[in-house]
Amino acid sequence: MNADQAAQAAQLPRRIIKETQKLLSEPAPGISASPSEENLRYFNVMILGPQQSPYEGGVFKLELFLPEDYPMAPPKVRFLTKIYHPNIDKLGRICLDILKDKWSPALQIRTVLLSIQALLSAPNPDDPLADNVAKHWKENEKEAIATAKQWTAMYAQG
Amino acid sequence: MGQYPPVMMQNTPSYYGAAPPPQPYQAVYRPPVPMPMQQQQQQPYMQNQYGQPPRPPVPTQECQTTATIRNQVNLKKPTLALAPTGQPGVFNITFSFDASAPCRVTTFVCAHEDVRRACKITSPFPPAPAISFPKGLNHKFSAATPGGASHVVNTVRASARDLTSVSNDTFPVIIRLEAVLEDPTPAGAAGSSADGARMLEGLEAGCELPQWVQSQTTYAKLIKEDDGSWGLRVIKQKIWVKGTAYELQEIYGMEQKGANGTTADGYEDVDGNECVICMSAPRDTTALPCRHMCMCHACASALKTQTNKCPICRNEIESLLHIKINSKPAAGAGVTAAS
């Protein structure tokens with residue numbers, strides 16, 4: 001850690017330092033998150049596509065940012081890797097209740113990322129963010145899953 | 001390849017920018033900036049409200065502090081059980097308890113408690129004689145206790161319905177532990193002339209509780225276990241102190257972690273005894289009515305200016321209870337006044 005980072009870390013709330021340490025020392029299976037060198041509130045995240053999902057075999061990059069009022073406000077999370085999913089739009093934004101009105105300060109970076117991983121296993125086309133994808137999912141699930149697998153093979157290979 | 005362009009809106013700063021960001025995020029990041037695309041499809045992000053619309057401050061959210069009431073007798077709920085006797089359908093009541101003063105134990109079956117008459121207990125079945133115990137921890141009450149064999153539940157004599165359900169303050173099983181109230185005030189100690197009358201042995205079992213008795217009463221019902229045997233489940237516990245009955249309620253998250261809950265850097269583990277918000281200070285504030293003790297006092301105060309939802313269960317917080325814990329943990333239960 002250089003002097004600049006040390007100065008940054010000194011200003012970080014203790015909670016963020018502890019969460020970061022734990023994410024690095026005990027990563028959740030299939031999930032990695034590491035803080036950016038320039039900004040310790042900005043995390044580079046990787047989530048492996050869950051087994052038995054259309055995203056299996058994919059490596060999905062995300063960015064996660066802890067706003068100034070975290071943990072009173074939720075982290076901001078976005079997919080950077082293109083993904084075909086009814087609850088994730090073309091800009092990578094995620095429709096997940098705990099990132100909005102169901103946020104609680106008892107949740108953490110780890111629990112948020114686990115929830116996103118779970119969302120990959122269980123797409124919910126009834127609460128869509130990407131309308132066309134959700135429509136596809138509802139009208140022809142088999143075909144939509146095939147598209148999701150194609151996208152995984154095309155875009156999510158690390 | 002395969003990456004989204006950074007979210008950039010005209011005339012609005014980015015939420016994220018590209019990674020790594022061109023400058024520190026603290027400077028770039030301004031949460032309340034409207035994002036046209038987000039507003040069409042999802043709720044705009046609101047600061048300080050978990051993403052909910054702002055709500056007026058809740059005037060009832062005041063932080064109360066606790067007064068400690070000393071409980072001299074405590075039946076350990078998980079130890080309460082029925083043990084078979086030689087007689088079919090007849091079971092001994094067994095449990096463990098702590099007593100910081102000499103005490104006595106009475107048990108009642110299918111008994112009614114009159115809360116308007118100082119918790120007087122009446123039962124169609126005459127109670128077995130009270131059993132006295134000296135001061136001591138982890139007393140075992142069972143058939144092996146002298147006199148304990150007569151404290152039974154007879155499932156043949158009483159109806160299954162009366163033994164398994166509660167109606168109108170009538171409980172299948174009531175166990176009362178009574179001690180003489182330790183009065184630390186000089187006036188109480190000086191009232192030695194009255195001490196002669198303060199004998200538990202002189203009290204009838206289940207009588208109206210005098211002011212000088214401190215008791216704990218446990219209410220239980222029978223339950224058929226999966227294997228067909230009878231079990232005994234605690235419904236509630238009340239204590240009686242200086243003429244007032246308090247219902248004992250557990251506070252969630254109050255367990256004390258041992259040395260293994262402490263990590264190498266000397267700070268307790270995330271799942272340990274620390275505030276879920278700052279993850280640093282010890283938890284000492286309980287949300288009511290849900291009884292989740294999950295925050296430190298400072299974070300609870302900060303939280304209540306922003307939301308009225310419990311961080312653990314998201315139920316509405318009506319008030320906060322600040323519990324001062326001594327370094328040596330005493331009784332792990334809070335009390336609220338019973339009706």
Side-chain angles (χ1 to χ4, degrees), chain A residues 8 11 13-19 21-22 25 36-44 60-61 63-69 71-74 76-83 89-93 95 97-108 110 128-131 151 154-157, chain B residues 1-8 15-31 35 37-38 41-53 263-265 267 269-270 274-281 292 294-295 299 302-303 305-307 309-314:
Chain A
Q8 246 198 83
Q11 288 175 3
R14 165 130 202 107
R15 162 166 173 153
I16 295 178
I17 296 170
K18 284 177 112 167
E19 279 200 68
Q21 284 171 347
K22 196 136 189 235
S25 64
S36 151
E37 289 187 3
E38 284 81 3
N39 183 344
L40 298 176
R41 285 178 175 266
Y42 182 96
F43 289 75
N44 295 299
F60 296 89
K61 289 183 184 156
E63 58 180 6
L64 182 148
F65 177 72
L66 303 175
E68 191 56 45
D69 47 354
M72 292 301 181
K76 311 252 133 213
V77 197
R78 187 171 81 104
F79 272 83
L80 296 174
T81 304
K82 272 172 91 82
I83 182 167
D89 75 1
K90 59 183 164 46
L91 293 169
R93 296 178 308 196
C95 181
D97 58 358
I98 60 157
L99 293 176
K100 295 169 199 153
D101 56 317
K102 289 286 170 17
W103 170 253
S104 153
L107 295 167
Q108 303 176 19
R110 176 187 300 270
L129 186 58
D131 282 331
W151 280 41
M154 256 192 299
Y155 303 119
Q157 297 309 308
Chain B
M1 180 185 98
Q3 292 223 333
Y4 295 118
V7 183
M8 281 296 196
Y15 266 77
Y16 309 113
Q23 51 178 299
Y25 262 88
Q26 283 86 338
V28 176
Y29 187 79
R30 289 188 207 104
M35 290 191 64
M37 285 193 66
Q38 280 201 330
Q41 291 185 328
Q42 59 194 75
Q43 283 203 331
Y45 164 64
M46 295 279 188
Q47 199 173 12
N48 298 343
Q49 282 289 337
Y50 296 21
Q52 296 165 0
T263 50
D265 64 356
Y267 286 87
D269 191 82
V270 170
E274 64 201 16
C275 168
V276 298
I277 296 179
C278 65
M279 294 184 183
S280 304
H292 285 115
C294 57
M295 293 173 279
C299 287
L303 180 90
T305 65
Q306 307 194 4
T307 179
K309 296 252 163 49
C310 169
I312 300 298
C313 64
R314 302 192 181 94

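As a basis for the values below, the full set of heavy atoms in this structure was taken, side chains included, without hydrogen atoms, waters or symmetry mates. To find a chain, count down the sequence lines: A is the first, B the second, and so on, and within it residues start at 1. Nothing here was measured: the structure is a model prediction, and the numbers come from that model.
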Margin query: For a quick test of reading the model, state the closest non-hydrogen atom pair linking Ser104(A) to Ile312(B) and the distance between them.
Written below: OG-N, 4.4 Å
Margin query: So which atom in Ala106(A) and which in Pro311(B) form the shortest heavy-atom distance, rounded to 0.1 Å?
Written below: CB-O, 3.5 Å
Note to self: Is Leu107(A) in contact with chain B via its backbone, its side chain, both, or neither, using a 4.5 Å heavy-atom distance?
What the structure shows: side chain
Note to self: Please enumerate all residues that pass salt bridge (Lys or Arg N to Asp or Glu O under 4.0 Å) together with Arg110(A), with sequence neighbours excluded.
What the structure shows: none
Check: Just by distance, do the side chain of Arg314(B) and the backbone of Lys102(A) share a donor-acceptor pair under 3.5 Å?
Finding: yes
Next item on the list: Tell me, for Cys294(B) versus chain A, whether the close heavy atoms (under 4.5 Å) come from the side chain, the backbone, both or neither.
Entry: neither
Margin query: Given 3.5 Å as the limit, does a donor-acceptor pair link the side chain of Arg15(A) with the main chain of Ile277(B), or not?
Written below: yes
Notebook entry, point to check: Non-hydrogen atoms of chain A under 4.5 Å away: do they reach the side chain of Cys275(B), the backbone, both or neither?
Noted result: neither
Margin query: Using heavy-atom distances under 4.5 Å, tell me whether Leu99(A) contacts chain B through its side chain, its backbone, both, or neither.
Written below: neither
Notebook entry, point to check: Would you call Glu274(B) and Lys18(A) a salt bridge, taking side-chain N to carboxylate O under 4.0 Å as the test?
Noted result: yes
